[in-house]
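As structure tokens, the structure follows; a few thoughts come after it.
Note that the coordinates shown come from a computational prediction; the quantities given were computed from them, not determined experimentally.
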Amino acid sequence: MAKKKTAKSTSNTIALNKKARHEYFLHDKFEAGLELQGWEVKSIRAGKVNISETYIHIKNGEAYLLGSQIQPLNSASTHTICDPLRYRKLLLNKREIDRLIGATEREGYSLIATAMYWKKCWVKLEFYLAKGKKMHDKRADTKEKDWAREKERTLKHKI
């Protein structure tokens, strides 16, 4: 007899940074793997991740994730030191790192993490080259959203 397949959740998303689209103009999308320790993977599986204040810093030709919080589980091992705010190395190609260095140093972009998700058995981070929005840009965005919502309401009630 064939084994029954267990129902899996279809969403591979671990954590989202919803503020990023409001605070920044997002331009180019990148995907990177993360160098994690064992306790971090277990905590990620349990959903104890926060990337709302996360950004990427490039130092000595390597990219690091700063500001992400991965809270250790209560049942974590006693012989490992669990630092929830440690720098986590991003796994990128040299060509991608060179492009990011050029964009951040010459063109004034920031590197902002927007999502963390599973891809097969690996944890991946989605981040963007971004420029900060000014206050009037944020007001214009909210005005456009309100107008689109109002337009939908009027069309819905006319029909």
Side-chain angles (χ1 to χ4, degrees), residues 6-145:
T6 58
K8 278 185 153 181
S9 64
T10 57
S11 175
N12 293 330
T13 304
I14 299 167
L16 291 173
N17 184 359
K18 294 179 182 178
K19 273 189 351 185
R21 295 196 189 282
H22 181 69
E23 298 285 331
Y24 298 94
F25 291 114
L26 302 178
H27 295 286
D28 293 336
K29 178 179 167 182
F30 290 90
E31 179 185 67
L34 286 166
E35 188 178 276
L36 298 171
Q37 296 176 350
W39 69 269
E40 291 172 327
V41 176
K42 289 179 182 179
S43 294
I44 288 171
R45 287 192 192 279
K48 297 185 175 250
V49 182
N50 183 6
I51 62 166
S52 62
E53 297 292 326
T54 303
Y55 62 97
I56 289 113
H57 179 70
I58 298 176
K59 182 179 178 182
N60 298 332
E62 294 179 342
Y64 293 96
L65 182 66
L66 304 176
S68 65
Q69 294 180 354
I70 300 177
Q71 295 299 323
L73 296 173
N74 293 335
S75 60
S77 177
T78 57
H79 67 275
T80 58
I81 299 170
C82 301
D83 182 15
L85 295 173
R86 76 175 188 91
Y87 294 4
R88 292 169 182 89
K89 186 176 176 182
L90 295 179
L91 306 173
L92 292 165
N93 294 330
K94 183 69 173 166
R95 185 181 306 129
E96 290 174 325
I97 292 174
D98 290 340
R99 181 168 178 226
L100 294 175
I101 288 172
T104 55
E105 289 181 358
R106 287 189 292 271
E107 299 170 22
Y109 283 98
S110 299
L111 301 172
I112 304 298
T114 55
M116 187 181 286
Y117 55 92
W118 293 103
K119 192 170 188 181
K120 297 184 182 176
C121 61
W122 295 292
V123 177
K124 299 287 184 173
L125 182 78
E126 175 185 282
F127 64 97
Y128 283 85
L129 280 173
K131 285 219 180 203
K133 285 185 181 178
K134 304 281 191 258
M135 186 58 78
H136 63 275
D137 294 330
K138 293 177 190 176
R139 283 195 296 259
D141 281 349
T142 55
K143 199 180 284 186
E144 285 176 17
K145 285 179 189 175

Original post:
Residues in salt bridge (charged side-chain N to carboxylate O under 4.0 Å, His left out) with Arg86, at least two apart?
Top reply: Glu40

Subject >> Sequence-distant partners of Ser68, side-chain hydrogen bond (donor to acceptor under 3.5 Å, both in side chains), two or more places apart >> reply: Arg88

Original post:
Can you tell if the side chain of Val123 reaches within under 4.5 Å of the side chain of Leu36, non-hydrogen atoms only?
Top reply: yes

Subject >> Considering all heavy atoms, the nearest Ala113-Asn17 contact >> reply: O-ND2, 2.9 Å

Original post:
Between Leu90 and Tyr64, is a side-chain contact (heavy atoms from CB on, under 4.5 Å) present by the stated rule, with each step listed?
Top reply: CA-CA 6 Å; Leu90 295 179; Tyr64 293 96; over 6 Å; no

Original post:
So do the side chains of Leu66 and Ile56 get within less than 4.5 Å of each other, counting heavy atoms only?
Top reply: no

Original post:
CH2 of Trp118: more than 12 outside heavy atoms within 6.0 angstrom?
Top reply: yes

Original post:
Glu62: what forms a salt bridge (charged side-chain N to carboxylate O under 4.0 Å, His left out) with it, not counting sequence neighbours?
Top reply: Lys89

Subject >> Spatial distance of atom CG (Leu92) from atom CD (Glu31) [nearest 0.5 Å] >> reply: 10.0 Å

Original post:
What distance separates Phe30 CZ from Glu96 CD, expressed to the nearest 0.5 Å?
Top reply: 6.5 Å

Original post:
Distance from Lys29 atom NZ to Tyr128 atom OH, nearest 0.5 Å?
Top reply: 5.0 Å

**OP:** Just do the side-chain contact (heavy atoms from CB on, under 4.5 Å) check on Leu34 and Leu65 with the steps written out, would you?
**Re:** CA-CA 9 Å; Leu34 286 166; Leu65 182 66; 3.8 Å; yes

Subject >> Neighbour count >12 (heavy atoms, 6.0 Å) for atom NZ, Lys131 >> reply: yes

**OP:** Return each pair, listed once, that meets side chain to side chain donor-acceptor pair (under 3.5 Å) where at least one residue sits in residues 19-28; pairs must be two or more places apart or across chains.
**Re:** Lys19-Glu53, Glu23-Lys138, Asp28-Arg99

Original post:
Where is the tightest heavy-atom contact between Ala32 and Phe127, given as atom of each residue plus distance?
Top reply: CB-CE2, 3.8 Å

Pair up each side-chain donor or acceptor in residues 44-52 with any protein partner under 3.5 Å, not counting sequence neighbours, and list the distances.
from	atom 1	to	atom 2	distance (Å)
Asn50	OD1	Ser52	N	3.1
Asn50	OD1	Ser52	OG	3.1

Subject >> Spacing of CG belonging to Leu125 relative to OH belonging to Tyr117, to within rounding of 0.5 Å >> reply: 8.0 Å

Original post:
Does Lys119 reach the side chain of Asn12, with side-chain heavy atoms less than 4.5 Å apart?
Top reply: no

**OP:** Tell me, with the steps shown, if Leu111 and Ile58 meet side-chain contact (heavy atoms from CB on, under 4.5 Å).
**Re:** CA-CA 9 Å; Leu111 301 172; Ile58 298 176; 3.8 Å; yes

Original post:
Hey, is the main chain of Ile70 close enough, under 3.5 Å, to the side chain of Ser43 for a donor-acceptor pair?
Top reply: no

**OP:** Sequence neighbours left out, what pairs pass side chain to side chain donor-acceptor pair (under 3.5 Å) with at least one residue falling in residues 102-111?
**Re:** none

Original post:
For the residue pair Ala130 and Ile112, what are the closest heavy atoms and their distance?
Top reply: CB-CG1, 3.9 Å

